[in-house]
Amino acid sequence: MVAAIRVHKTGGPEVLTYEQVEVEAPGPGQIRIKQRACGVNFIDTYFRMGMYPSPVGLPFIAGNEGAGDVTAVGPDVSDFKIGDRVAYVGTLGGYAEERLFAAERAVKLPSAISYEQAAGMMLKGMTAQYLLRRTHKVEPGQTILVHAAAGGIGQILTQWGKHLGAIVIGTVGSKDKAEIAKASGCDHTILYREEDFAARVKDITGGKLCDVVYDGVGKDTFPKSLDCIRPLGMFASFGSASGKVDSFDINILQFKGSLFTTRPTLAHYVATRKDLLATANDLFDVVAAGKVKIPVKHKYALKDAKQAHIDLESRATTGSLVLVP
Ligand SMILES: NC(=O)c1ccc[n+]([C@@H]2O[C@H](COP(=O)([O-])OP(=O)(O)OC[C@H]3O[C@@H](n4cnc5c(N)ncnc54)[C@H](OP(=O)(O)O)[C@@H]3O)[C@@H](O)[C@H]2O)c1
């Protein structure tokens, strides 16, 4: 038996229950992982509250990300062996001391990357990778707006955007967070709970506006985000920390400057193993080279997953959160 955090009925953080579960031997295509760190992400809260239905029904083990050591491999698995250091983002079952996982969706962890870094970045860092390199390919000299720039993805987008030569404008919820965003490389910060962020962006850019807006906040920043984008620019609405963006009339994109808009999600960008490895390796390269630091500022014991969710949802965190089994 191993310790895990299970959800028997969906709801608030209190439904996260610490208990013992059985982990079987790996079947075909599976590896068994002894986890050293488990990532905590917004998506975990969506499953916990039932906004995203659990594909395995109830009860389910919460969590979608982790890093650790391979302790057993299924009969037909040839890419991994016992003792390999691995990381993943994927199916539920992450908040546990040990778990089974599909070998096809796991990646080997380079020695330069720690377990905690990996658990703090597989989802957030690969999301930043596709947003900056594929959804909109950021070029030197471009101006990008990153909402919630002191957050987990926000700090990675900011650092990586600077590394690519962009001018980064970041919105933040407090003065303390503005300092964190500046330390990550933001050229300009905007206190978007107090200031009109679109007016500030216009001011900062001398009316040229941004090439792309990366928006993981959702409801509260729409449609104003569109006023921050230059004609033919890109609106990448990748998350809903404040709630879902309401339905809107597509003609608005014409009047705001023939804008492009997308609601991307990581799963589609890493659907093939080739894309998964390319995305993960690009991330490992910038982290190993010290160009992007993964701020794992919040570490909790596995049994304290409830507190991790409370902190994440109350805007009390900056950077990544991990549970340590
Ligand atoms: N599409 C994808 O592929 C993908 C992948 C991973 C995550 N996501 C999404 O990306 C977003 C950011 O994820 P993250 O893990 O890096 O989180 P995070 O940015 O560390 O935390 C969310 C931040 O959003 C801001 N926020 C604004 N309004 C909020 C509200 N009403 N409630 C809570 N937070 C609010 C807060 O920053 P301030 O206090 O500075 O406002 C908060 O710290 C989430 O929406 C997540 O679902 C998308």
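Counting convention: from 1, in listed order, for ligands and their atoms alike.
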So, is [X] polar-close to ligand 1, with some N/O to N/O distance under 3.5 Å?
X: R315; answer: yes
X: L123; answer: no
X: T171; answer: no
X: E313; answer: no
X: G173; answer: yes
X: S240; answer: yes

Looking only at protein heavy atoms, which one is nearest to [atom], and what is the separation?
atom: atom 5 (C) of ligand 1; value: T127 OG1, 3.2 Å
atom: atom 39 (O) of ligand 1; value: K177 NZ, 2.7 Å
atom: atom 25 (C) of ligand 1; value: Y192 OH, 3.7 Å

Just go through [options] and tell me whose heavy atom is the nearest to [atom].
atom: atom 14 (P) of ligand 1; options: V217, I153, V270, V146; result: I153
atom: atom 45 (O) of ligand 1; options: G216, S242, P264; result: G216
atom: atom 19 (O) of ligand 1; options: A316, A181, G151; result: G151
atom: atom 20 (O) of ligand 1; options: G152, A148, S237, S314; result: G152
atom: atom 32 (N) of ligand 1; options: A236, A241, P295; result: A241
atom: atom 48 (C) of ligand 1; options: F42, Y214, F238, Y269; result: F238

Under 4.0 Å between a side-chain nitrogen and a carboxylate oxygen: does that hold for [X] and [Y]?
X: K291; Y: D285; result: no
X: K202; Y: D227; result: no
X: D84; Y: K81; result: yes

I need the atoms of ligand 1 closer than 4.0 Å to a non-hydrogen atom of [X], numbered in the order shown.
X: G239; value: 9 (C), 45 (O)
X: R263; value: 1 (N)
X: Y130; value: 1 (N), 2 (C), 3 (O)

- Message: Which residues pass the side chain to side chain contact (heavy atoms under 4.5 Å, CB included) test with A241, not counting sequence neighbours?
- Response: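 Counting only residues at least two positions away or on another chain, A241 forms a side chain to side chain contact (heavy atoms under 4.5 Å, CB included) with F42.
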
- Query: Can you name the side chain to side chain contact (heavy atoms under 4.5 Å, CB included) partners of S184, sequence neighbours left out?
  - Reply: Q155, T158, Q159

Assess [X] for proximity to ligand 1: is some non-hydrogen atom of it under 4.0 Å away?
X: Y46; value: yes
X: V172; value: yes
X: K219; value: no

Under a plain distance cut-off of 3.5 Å, with no hydrogens placed, do [Y] and [X] share a side-chain donor-acceptor pair?
X: Y192; Y: D220; value: no
X: T17; Y: H8; value: no
X: H309; Y: T45; value: no
X: Y269; Y: T135; value: yes

- For residues V217 and A148, report the shortest heavy-atom separation together with the two atoms involved.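 Smallest interatomic distance, heavy atoms only, reads CG2-CB, 4.0 Å.
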
- Note on the structure: Nearest heavy-atom contact between A3 and L302 is O-CD2, 3.7 Å

- Task: Report the part of K124 in contact with ligand 1, treating N, CA, C, O as backbone and CB onward as side chain, heavy atoms under 4.0 Å; options are side chain, backbone, both, neither.
- Result: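 Just the side chain.
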
- Item | salt bridge (Lys or Arg N to Asp or Glu O under 4.0 Å) partner of D69, chosen from K34, R85, R36 |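 The passing option is R36.
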
- Item | Ring centres under 6.0 angstrom apart (F260, H136) | no

